[in-house]
Amino acid sequence: MAIDKEDLMKSERQVAMVFDLNKCIGCQTCSVACKVLWTREEGMDYQWWCTVNTQPGRGAPKDWEQMGGGYRDGVPVPGIIPTRQECGGGWDFNYDEVFYGGKGRSVFLQPVGEQPTWGPNWDEDQGGGEYPNAFFFYLPRLCNHCTRPVCVEACPRNAMYKRSEDGVVLRDETRCRGYRFCLEACPYKKIYFNYVKKISQHCIFCFPRIEKEVAPACARQCPGRLVFVGYLDDKEGPIHKLVREWEVALPLHPEYGTGPNVFYIPPIGPHRLNEDFSIDETTPRIPIEYLEKLFGPRVSKALDTLKGEMAKTRNGDKSALMDMLIVYHWLELFGPFTRDPAELQWK
Amino acid sequence: MLAKKLTAEAKTLLDPAASAWDSAPAETIIMGGTPLVQQPSRYIRTAWSDRPIGSVRSLVVRSAHNGKEVFFLLEWRDDTQNTDYAGRDFPDSAGILFPLKGDAPLDTMGSESQPVNAWFWRADSEDGAKSITASGIGTVAESEGSSIAARAQWQDGTWRVVFARPLTVAGNQAVALEAGKSLKVAFAVWEGSSGERAGIKSFSKHWQELTLEG
């Protein structure tokens, strides 16, 4: 009864997300929406299935882009397991001492025990470049629910699979034995080990919400109206339009070879300033080489399209793309997933 | 290999340092790494293609029974005591494998028609081991009503782990053990500091013949 990995990776349709990085303000509401909903149980304290990091930066887990995994020329690439320290987070604080110990004026709130050396948003707002041309932008990240999920490929227990109806990558926790091969293999390092349950865990694309036509929490709670959700093949939906028609939404690190299904509209950023502080309109402040490193060679074309459409609206013309990205109507972000979760009776 | 009939009580023999164990004959088992080609995923075969598999090359096994329970004392050199998932490590582990039926293949952890039963101890569990069944690589499942006891001790670079089980247990997922009878047995050890877990381990490459003294 050999199980074919190809069968575990197949899906009829694919749900996907697009994050418009030009609108992300790094408020972490997506991170917290996810945290509150999914990772409050034992052993999940340090798990942040959705994180927002400042770019350029070392990210979370620390230096995750140097940890290997993914595919090269169709062959899995060995990776390493991110450690608890490299992820950080989940610290205990001296709440009792500060709030109830009568020492509120002499002690300050701080982690107790082993002092943290990294965390989910450790290098916030450091960014890159030099004054006056310093630059940064925010990058929300979650499981990419890849088309060729190397985590599924790696698991010796066949505990992981893509759901055939929507391509969400899930794990049968009763089959998972915590071997952490998936953590090694995932090039995005978005799988976490539960040190209490001794199994691995990751973002589930809020599948119980998806099943009820409710958008994932990270998307619905975003105050910036920047997270689009839908099916990749839905030609009327925003995902297909942004990814396939306008080609302005790009995968993160496409060279990792797993076919991620979370896409990003790259940040345009401001122009460079000259030494006399006049504006150099010919040079972007975020180096194109850096954006190509993150989003691949198609990033220039995507930025040109965005700038072209922006110019149209500046000249008083209509742009369907800009209208879509402005999101005049909030629910248009969510494709078929527009229901209000408050209306539902959850069993 | 002989499971010596002793009069000692279970609580004595469960102690890896008990002198009662001195009267059980020690057998040194040569261990080797599991073959790369049999690792169950392409990722694992690629990631371990240039890493040595099977850190532990020699295992000393003693076995005994007292008419009620059967005991195994496994002893091996290990400079690093790994009891949890710190960093990129795994807890050290050990297992004892029995065919549930006839000539179950050892290399593949049994087959669909010839399943195996194993007693599995992992250094992150305070005491106790699990009884598992398998019918091929990647099919390990915990047995119902596992009744394997274990006590482990790491001292001066050596693990000593005692496994114990009543001779008679209910159900058909546990190997039959009977005084005076012989059966096949095999062993496996995982070195946690080398990232050994799952099929990445050292094992006794052949079934050993074990007789429970009558």
Side-chain angles (χ1 to χ4, degrees), chain A residues 1-6 8-9 43 61 67-87 114 148-160 172 174-187 192-200 258, chain B residues 34-51 53 82-91 93 95 108-115 118 120 122-126 130 132-142 144 190 192-201:
Chain A
M1 193 188 56
I3 294 168
D4 191 344
K5 289 284 188 195
E6 291 296 320
L8 295 176
M9 291 192 201
M67 288 183 174
Y71 294 99
R72 193 177 299 122
D73 303 325
V75 179
V77 177
I80 60 172
I81 298 168
T83 64
R84 176 76 179 73
Q85 287 72 22
E86 285 160 346
C87 293
E114 192 184 339
R148 293 174 296 281
V150 69
C151 51
V152 174
E153 171 94 51
C155 180
R157 302 266 306 157
N158 291 322
M160 298 187 71
D172 179 346
T174 66
R175 287 200 60 73
C176 177
R177 291 177 68 87
Y179 293 142
R180 299 192 288 180
F181 289 113
C182 55
L183 277 81
E184 280 186 18
C186 172
Y192 295 83
F193 186 67
N194 184 314
Y195 288 86
V196 175
K197 290 176 84 177
K198 317 254 170 109
I199 56 169
S200 303
T258 58
Chain B
T34 46
L36 186 73
V37 291
Q38 280 183 353
Q39 298 304 327
S41 86
R42 193 160 65 114
Y43 171 80
I44 299 174
R45 289 192 295 276
T46 310
W48 284 80
S49 60
D50 55 0
R51 288 179 72 173
I53 299 174
N82 306 104
T83 58
D84 56 24
Y85 292 84
R88 298 181 234 283
D89 290 347
F90 288 81
S93 309
T108 57
M109 296 275 289
S111 66
E112 260 187 87
S113 59
Q114 293 174 312
F120 177 70
R122 204 170 67 186
D124 60 329
S125 65
E126 288 285 304
K130 286 169 179 165
I132 57 180
T133 55
S135 50
I137 281 173
T139 65
V140 164
E142 249 174 77
E144 302 281 318
W190 289 260
S193 67
S194 304
E196 293 188 356
R197 77 280 201 192
I200 305 288
K201 63 190 174 192

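Chain identifiers are assigned alphabetically (A, B, ...) following the order of the sequence lines, protein sequences preceding nucleic acid strands; residue numbering begins at 1 within each chain.
Note on B/I137, B/V140, B/I200: by heavy-atom pairs under 4.5 Å with chain A, the leading option is B/V140.
Interface residue A/V75: backbone and side-chain heavy atoms are both found under 4.5 Å from chain B. For a residue to count as touching a neighbouring chain, one of its non-hydrogen atoms must lie under 4.5 Å from one of that chain's; by this rule A/F181 touches chain B with backbone and side chain alike. Residue contact with chain A, scored on non-hydrogen atoms closer than 4.5 Å, involves the backbone and the side chain of B/D124 alike. When heavy atoms are compared at a cutoff of 4.5 Å, A/E86 approaches chain B solely by way of its side chain, counted from C-beta outward. For chain B, no part of A/R84 is nearby; none of its heavy atoms comes within less than 4.5 Å.
Put simply, CZ on B/F120 and CZ on A/R177 are 6.0 Å apart, with the number rounded to the nearest 0.5 Å. Note that SG of A/C151 is 11.5 Å distant from OH of B/Y43, once rounded to the nearest 0.5 Å. To the nearest 0.5 angstrom, A/Y179 atom OH is 9.5 Å from B/I44 atom CD1.
The minimum heavy-atom distance between B/R42 and A/G74, with the atom names listed, is NH1-O, 3.0 Å. Listed here is the closest heavy atom pair of B/R88 and A/T83: NH1-CG2, 3.5 Å. A/P156 and B/P40 make their closest contact through CB-CG, 3.4 Å (heavy atoms, listed as atom of the first residue, atom of the second, distance). Scanning both residues, A/R175 and B/G138, for their nearest heavy atoms gives NH2-O, 3.3 Å. The minimum heavy-atom distance linking B/Y85 with A/R180 is given by the pair O-NH1, 3.6 Å.
With a 6.0 Å radius and a threshold of 12 heavy atoms from other residues, nucleotides or ligands, B/R51 has its CZ atom above the threshold.
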